[in-house]
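Inspection log for the structure reproduced underneath, given as structure tokens.
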Number of protein chains: 2
Amino acid sequence: MADRISDAEHAVMEVLWRRAPLTATEVSEALEEDRDWSLQTVKTLLARLVGKKVVAHEADGRRYLYRPLVVRDAYVAHESQRLVDRLFGGRVTPLVAHLAETQQLSDQDIAEIEALLKALKP
Amino acid sequence: MADRISDAEHAVMEVLWRRAPLTATEVSEALEEDRDWSLQTVKTLLARLVGKKVVAHEADGRRYLYRPLVVRDAYVAHESQRLVDRLFGGRVTPLVAHLAETQQLSDQDIAEIEALLKALKP
DNA sequence: GCGTATTGACTACAAGTGTAGTTTATGACT
DNA sequence: AGTCATAAACTACACTTGTAGTCAATACGC
């Protein structure tokens, strides 16, 4: 479960996190808007995800049903941590500071985050 | 300038962002603590970075001096944006919310971020 | 001046990634 | 029953990435 999920694979995971289990064809259809992939490509990605043990497939008649084996939150946490570690020395404050500066946080964003922080305080 | 910087390449960039210009040997020495790379490996990475036009090299006698062509802030901004886009639908607040939950922000972290946000308000 | 170390240039090579095509079995329709 | 569509399995192939090795030129120490 420690293998990295590539970019293309991640797009497939997002579909499965939204709804599962799905057949390969259904996943492919769900991706049509965003990526211009052939069904074969999607199947390859699904097979690789199964190989990485982050997706399970169970036979359903002649086809497979795919479902995620890792929860999205865990993935998001892992990737966020990676970024914070690599670019901000593991500290969250500099990240927020950076986003605040470069991203033009709207007043509403700021209000939201403040409310969130307030709720966290003892 | 749009080529992605790989993980290993990023380690080299960090060295150059800290101090530049440097020779390949100096970069290699600076990396000794963190990565167990041969000089040749570092040279390969430098060459690739030059190929990607994110590092420049200028001859200095028989060797080259390497210096970054992109500023760290731009890279950090780009990577942060990528993560926010991919995992949080482009919105910063959910990222902060997520980090707040999973990262056990200390009281001090919270205080820092609050101060930072206060400073941003009109 | 000659050997040795250093440097850049070029080459290597396996694993991972993006992106399919081909083959074979099976089920669905007429 | 024969034909067409579909699904899985296998194969392909170029590009990137991690990690060097080799070669040829040059400079430095003695």
Side-chain angles (χ1 to χ4, degrees), chain A residues 1-16 20-67 70 75 78-79 82-83 86, chain B residues 1-16 20-67 75 78-79 82 86:
Chain A
M1 62 169 156
D3 269 319
R4 287 224 2 95
I5 294 174
S6 81
D7 233 58
E9 287 160 4
H10 170 237
V12 170
M13 290 305 287
E14 287 293 346
V15 171
L16 291 176
L22 292 179
T23 66
T25 303
E26 285 166 338
V27 172
S28 179
E29 277 159 8
L31 283 166
E32 255 163 26
E33 309 160 21
D34 303 277
R35 330 280 281 218
D36 202 19
W37 286 337
S38 80
L39 175 59
Q40 294 315 315
T41 296
V42 173
K43 283 184 180 179
T44 299
L45 293 173
L46 281 167
R48 287 181 184 166
L49 288 166
V50 170
K52 291 180 178 180
K53 298 204 203 306
V54 291
V55 162
H57 62 344
E58 115 215 14
D60 170 50
R62 194 157 80 88
R63 63 253 174 95
Y64 283 129
L65 292 179
Y66 295 87
R67 85 179 64 244
V70 296
Y75 175 74
H78 185 246
E79 290 300 301
R82 240 177 81 82
L83 183 93
R86 284 190 344 130
Chain B
M1 62 169 155
D3 269 320
R4 288 227 357 96
I5 293 174
S6 81
D7 234 56
E9 288 160 5
H10 171 237
V12 170
M13 290 304 288
E14 288 292 346
V15 170
L16 291 176
L22 292 179
T23 65
T25 304
E26 285 167 338
V27 172
S28 179
E29 276 159 9
L31 283 166
E32 254 163 27
E33 309 159 22
D34 304 276
R35 331 279 281 218
D36 202 20
W37 286 337
S38 80
L39 175 59
Q40 294 314 317
T41 297
V42 174
K43 284 184 180 178
T44 299
L45 294 173
L46 281 167
R48 288 181 184 165
L49 288 167
V50 169
K52 291 180 179 179
K53 298 203 203 305
V54 291
V55 162
H57 63 343
E58 117 216 12
D60 170 50
R62 194 158 82 87
R63 64 254 171 97
Y64 284 129
L65 292 179
Y66 295 87
R67 83 178 66 245
Y75 175 74
H78 184 246
E79 289 301 300
R82 239 176 82 82
R86 284 191 340 132

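In the text below, chain A, chain B and the rest are named by the order of the sequence lines, each starting its count at 1. Given the structure is predicted, the values throughout are model-derived calculations rather than measurements.
We find that CZ of A:R4 is positioned 13 Å from P of D:dT17, with the value rounded to whole Å. Atom pair A:K43:NZ and D:dT6:P shows a separation of 10 Å (rounding to whole Å applied). One can place CG of B:D60 at 16 Å from P of D:dT26, the figure rounded to the nearest angstrom. A straight line from CG of A:D34 to P of C:dG18 spans 15 Å, rounded to a whole angstrom. Atom pair A:R35:CZ and C:dT17:P shows a separation of 14 Å (rounding to whole Å applied). A:L49 has its CG atom 13 Å from the C1' atom of C:dG18, to the nearest Å. Rounded to whole Å, the distance from CH2 on A:W37 to P on C:dG21 is 15 Å. If you take CD1 of B:I5 and P of D:dT16, they are 15 Å apart, rounded to a whole angstrom.
Dense packing is recorded around CG of A:D34, with more than 12 heavy atoms of other residues, nucleotides or ligands lying under 6.0 Å away.
The residue A:S6 sits close only to the backbone: its heavy atoms come under 4.0 Å of sugar-phosphate atoms, none of a base. Residue contacts shown for B:D36 are limited to sugar-phosphate atoms, with no base heavy atom under 4.0 Å away. Within 4.0 Å of B:S38, counting heavy atoms only, lie sugar-phosphate atoms of the nucleic acid but no base atom.
Side-chain nitrogen and oxygen atoms of A:K52 include at least one within less than 4.0 Å of the OP1 or OP2 phosphate oxygen of C:dT17.
Contact record, B:Y66 with B:L16: O-CD2, 3.7 Å, taken as the closest heavy-atom pair. Among all heavy-atom pairs drawn from B:R35 and B:A8, the shortest one is NH2-CA, 4.1 Å.
Of all nucleotides listed (D:dG18, C:dT19, C:dT7), D:dG18 comes nearest to the side chain of B:D7.
Taking only distance into account, the side chain of B:R48 meets the base of D:dT19 through a donor-acceptor pair shorter than 3.5 Å. A donor-acceptor contact under 3.5 Å is formed by the side chain of A:R62 with the base of D:dT6.
Checking A:R4, A:R48, A:K52 one by one against A:E9, the salt bridge (charged side-chain N to carboxylate O under 4.0 Å, His left out) holds for a single residue, A:K52.
Residue order along DNA chain C, read from the 5' end via each residue's closest nucleotide, puts B:T25 first among A:E9 and B:T25. Of the two residues near DNA chain C, A:Q40 and A:G61, the one whose nearest nucleotide lies more 5' is A:Q40.
Listed for the A:S28 side chain is no donor-acceptor partner under 3.5 Å among the backbone atoms of A:A24.
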